[in-house]
Amino acid sequence: MTSVELEVEATSGKDVGEITNETLESVHAGACAAPSGLGADLERRKRGIELLSELLRRRAREKLSCVREDQRIWRDDLKKRSRQRQRLAKKERIAQQQLKLGNPPGGHGVELGTKNRPCNRKVGWSVQEEIPEETGKEWRKYEQDKCRKVLLTFGAGEWNRIQGCLLEEHKQLVHGVNDIRNLTYTFLVALRENQEEQQEAKAPKKEGGGGGRQPVQSKEDAFLARKIAEFESEGAKRILDLTNEWPKIDKLGLSWLRKLRLLDLIRDAALMGRDEERRQEFDDAMATISESSPPVDWWSVAADKALLLGVYKHGYGSFDKIREDPEYASAFTPDERNIEENLRKKEQFRHKPGCNCVSCAHTRNKKRKAEAEGGNAGGPPGEGEEGNGAENGGGAEDDARIGWPSVDTLTKRLKRMVEVFARQLRKMENKSAQKTHNDRRSSEWTKKDRFTLAQCGMRWGLVHDEGPAQPDWAAMRDLSGLTKKSEEQIEACFLGLVEEAEHILQKRKGGGGEGEGEGDGEDGGGKREDAILTPITAARLFDRIELMDLLKQMAADAAWDWQINRSLQGLPSWWDQLEHDRMLVNGVLKHGAGKWEDIWLELKEEGAPVAEEGESHGENFQEDKVPTILQKRLKQVTGTYQRRKAEMDKRVLVGELTTREVVKEEEGRRRQQVSGLGRGGVKRKGGSGGARRPKRRKGPAGGDGLVEAAADALRVLEGEDGP
């Protein structure tokens with residue numbers, strides 16, 4: 001052998017991915033230099049071609065990586081030059097604006113201060129779009145207080161709106177949206193520290209230092225933790241050098257925190273209402289709000305939506321702006337139909353006399369205390385108040401029915417709607433989390449699921465849809481009970497089971513095919529970690545697949561006469577091979593392989609004759625050996641069918657070959673005869689002239705007429721003309 005053949009032989013048994021580049025290059029150079037190339041041996045040539053293919057793939061990957069690196073360098077350089085051009089254009093634009101405002105072009109914004117009062121060289125921007133995202137400027141006291149107030153009006157996350165309000169208030173601004181986010185993050189951290197201090201102060205101190213029961217996290221604490229984690233993920237930084245450390249946070253911290261949580265829920269609800277895809281969820285949540293106690297009698301669901309969206313648009317507490325907004329004018333217009341509907345609902349939900357609910361019991365106790373305290377004042381209690389109310393408060397009551405609700409009433413209504421939306425959002429999140437969990441569970445294959453699919457294959461074989469080449473994976477999914485899996489997942493898992501069975505049988509036979517020792521979870525050809533099949537179940541899987549395909553073929557073969565000239569000891573005395581063998585095959589196809597008890601019950605009910613009391617199925621029949629007897633009989637039936645089918649196929653093949661030989665011989669004889677006639681005939685030796693007639697042979701096809709007809713047919717197919 002040549003050197004290149006020796007090198008190829010040395011790499012046999014190794015994975016091509018583990019062979020070094022030096023070895024592949026050496027094989028390539030030797031194959032190019034050797035006269036015989038990779039040699040004459042087919043196995044070595046095949047191995048050499050695999051090595052050269054791996055070398056070509058590695059060279060292509062190396063070349064592709066070089067090209068990608070060059071493209072990355074080119075893109076980075078292009079981005080760098082683009083940023084430089086943008087910075088130059090921005091400087092020119094700022095310089096032109098400063099010239100228009102009468103400021104020297106050296107600054108980068110609008111200088112603060114007046115002619116008589118010297119400026120501290122602090123600069124700002126008067127156009128919101130020109131303010132950088134982050135400037136790092138120091139927050140002054142009035143700026144910090146104003147930012148906190150605006151934050152408690154619009155909520156966290158609305159950075160552009162907060163920046164616009166600050167710019168509208170101060171005319172010039174030196175803080176970008178990232179600066180506002182960092183200040184908000186610092187504010188939330190301060191609120192969390194204040195909450196922890198308040199909880200430690202309220203918690204009772206136990207003697208002995210024993211660990212008590214951990215307090216339940218409140219809604220506000222959960223909101224704080226979620227928002228702080230969200231800002232940290234966005235890259236927010238805490239400001240450590242604030243000149244004003246949030247005054248009155250110890251008294252108003254909890255109120256600020258509740259308002260921030262309320263504004264965050266309002267923001268989520270308003271975004272849901274403005275989103276076309278989630279509009280139906282928004283309407284469903286609004287429909288869950290009870291209408292038993294509307295703010296005023298003309299209030300409607302449209303007014304609730306307008307109130308929610310208006311608070312998100314104009315800010316918390318801006319109810320007058322919401323009322324004057326033309327966008328919500330139609331929702332806040334009183335309608336007599338709404339008044340009648342609300343009065344009907346109010347009467348429907350009104351507590352009847354003698355109601356024992358908590359609210360009515362509290363009202364009755366409060367009334368008794370008032371009667372006991374005012375019993376000595378003279379006169380029936382409450383009469384003067386009632387008269388004054390009818391005389392002085394009638395107009396106010398009518399105004400409350402048709403006028404604009406008070407601020408407290410609107411605030412309570414808003415909080416109630418927000419809590420309803422909070423519950424709705426929690427339900428949606430739980431439903432989404434459950435759906436994600438179910439999807440993950442359905443995409444993961446456990447050993448139990450794989451074994452269930454293997455059992456389905458052992459029972460029903462490979463179910464086909466249209467013809468033997470089209471497996472019906474949907475039927476396999478339904479039969480196995482794995483309804484949460486997709487057809488693609490069923491197909492991939494079943495093919496994996498087949499590969500696993502092939503690998504196990506190869507190892508058992510000691511063949512050691514190409515895939516021996518490879519695969520996930522194997523160590524030196526050991527068992528896979530997720531393997532579920534044994535040598536017995538692997539062989540059974542293939543046997544059952546072949547058996548079910550053969551039974552389907554038998555049931556569909558109209559030429560099969562079910563004539564089996566073999567008997568089996570142990571069958572019932574009433575067994576008829578023409579009837580009960582067919583019923584046995586149909587029972588296996590109906591109940592599946594292995595369900596011999598069900599098949600036997602069906603045979604007894606439909607095929608067995610009516611037996612009198614005490615009559616048996618035969619002397620040699622044993623009821624406890626029914627599964628074994630039925631399996632042996634099924635094996636006899638399938639074996640007979642296979643032998644007869646093989647004989648029939650052999651006869652057809654031999655008949656075709658014999659017919660072709662006869663037709664070919666007769667065609668040659670006819671051609672010789674035609675050629676002799678064309679030359680005028682051949683004279684016999686020692687005799688008179690004339691054509692010598694060749695001997696005629698009769699073929700096994702049954703006579704000269706059949707042979708001649710076959711020869712004519714063959715000649716017509718070949719396009720030749722007869723004599």
Side-chain angles (χ1 to χ4, degrees), residues 154-158 188 214-234 257-294 300-313 316 345 349 412-450 452-453 473-474 477-478 480-490 492-493:
F154 294 101
E158 300 293 328
L188 293 178
Q214 188 176 3
V216 181
Q217 189 181 27
S218 62
K219 299 178 182 179
E220 290 77 14
D221 294 339
F223 164 75
L224 262 181
R226 179 172 59 85
K227 276 298 178 181
I228 290 176
E230 179 182 342
F231 289 158
E232 288 177 351
S233 63
E234 295 176 358
L257 182 56
R258 289 174 177 172
K259 186 175 290 187
L260 286 175
R261 176 179 173 271
L262 179 67
L263 291 172
D264 188 72
L265 294 174
I266 291 174
R267 179 172 179 265
D268 294 340
L271 293 178
M272 182 190 298
R274 293 186 175 185
D275 191 359
E276 294 294 336
E277 297 180 356
R278 305 180 64 186
R279 180 68 61 82
Q280 186 63 36
E281 299 176 3
F282 177 78
D283 295 338
D284 294 342
M286 294 300 301
T288 58
I289 301 175
S290 176
E291 296 295 337
S292 59
S293 58
S300 62
V301 179
D304 282 330
K305 296 179 181 179
L307 177 63
L308 191 63
L309 298 176
V311 171
Y312 174 73
K313 179 179 180 180
Y316 183 80
K345 291 182 178 180
F349 290 101
K412 291 179 181 179
R413 185 69 175 182
L414 181 64
K415 290 181 178 179
R416 182 180 178 185
M417 286 192 298
V418 167
E419 291 300 330
V420 170
F421 269 100
R423 290 194 297 269
Q424 190 74 6
L425 289 176
R426 284 197 297 270
K427 290 181 181 179
M428 293 168 54
E429 291 174 357
N430 295 336
K431 188 181 297 183
S432 177
Q434 185 66 28
K435 184 177 182 301
T436 304
H437 177 70
N438 294 337
D439 294 342
R440 186 175 67 253
R441 286 283 303 274
S442 63
S443 62
E444 295 176 355
W445 282 91
T446 61
K447 285 189 175 182
K448 182 179 179 181
D449 296 339
R450 297 179 69 241
T452 302
L453 186 60
W473 302 113
R477 178 186 59 188
D478 297 337
S480 61
L482 303 173
T483 55
K484 294 184 179 180
K485 306 292 183 182
S486 62
E487 298 182 17
E488 293 77 10
Q489 292 174 342
I490 295 291
C493 183

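We count residues from 1, following the sequence as given.
For K484, the side chain to side chain contact (heavy atoms under 4.5 Å, CB included) partners two or more places apart in sequence, or in a different chain, are S442. With sequence neighbours excluded, the residues satisfying side chain to side chain contact (heavy atoms under 4.5 Å, CB included) with A225 are Q217. For K259, there are no salt bridge (charged side-chain N to carboxylate O under 4.0 Å, His left out) partners, not counting sequence neighbours.
Summarising the geometry of L482 relative to R477, their closest heavy-atom pair is O-CG, 2.9 Å, with the distance given to 0.1 Å. Closest non-hydrogen pair, F231 versus L188, comes out as CE1-CD1, 3.3 Å.
Interatomic distance, Q434 CD to T436 OG1, rounded to the nearest 0.5 Å: 9.0 Å. Once rounded to the nearest 0.5 Å, the distance linking CG of L257 with NZ of K227 reads 12.5 Å.
Within the 4.5 Å cutoff, the side chain of M417 has no heavy atoms near those of the V311 side chain. Side-chain contact check for D268 versus M272: every heavy-atom pair is 4.5 Å or farther apart. Contact check for F421 versus L265: no side-chain heavy atoms found under the 4.5 Å cut-off. Residues E232 and I228 are in side-chain contact: their nearest non-hydrogen atoms beyond the backbone lie under 4.5 Å apart. The shortest side-chain heavy-atom distance between D449 and K485 falls under the 4.5 Å cut-off.
In this structure, Q489 contributes its side chain and S486 its backbone to a donor-acceptor pair below 3.5 Å.
Screening R261, R258, K412, R426 against E419 for a salt bridge (Lys or Arg N to Asp or Glu O under 4.0 Å) leaves a single residue, R261.
E277 CD: 12 or fewer foreign heavy atoms inside a 6.0 Å radius.
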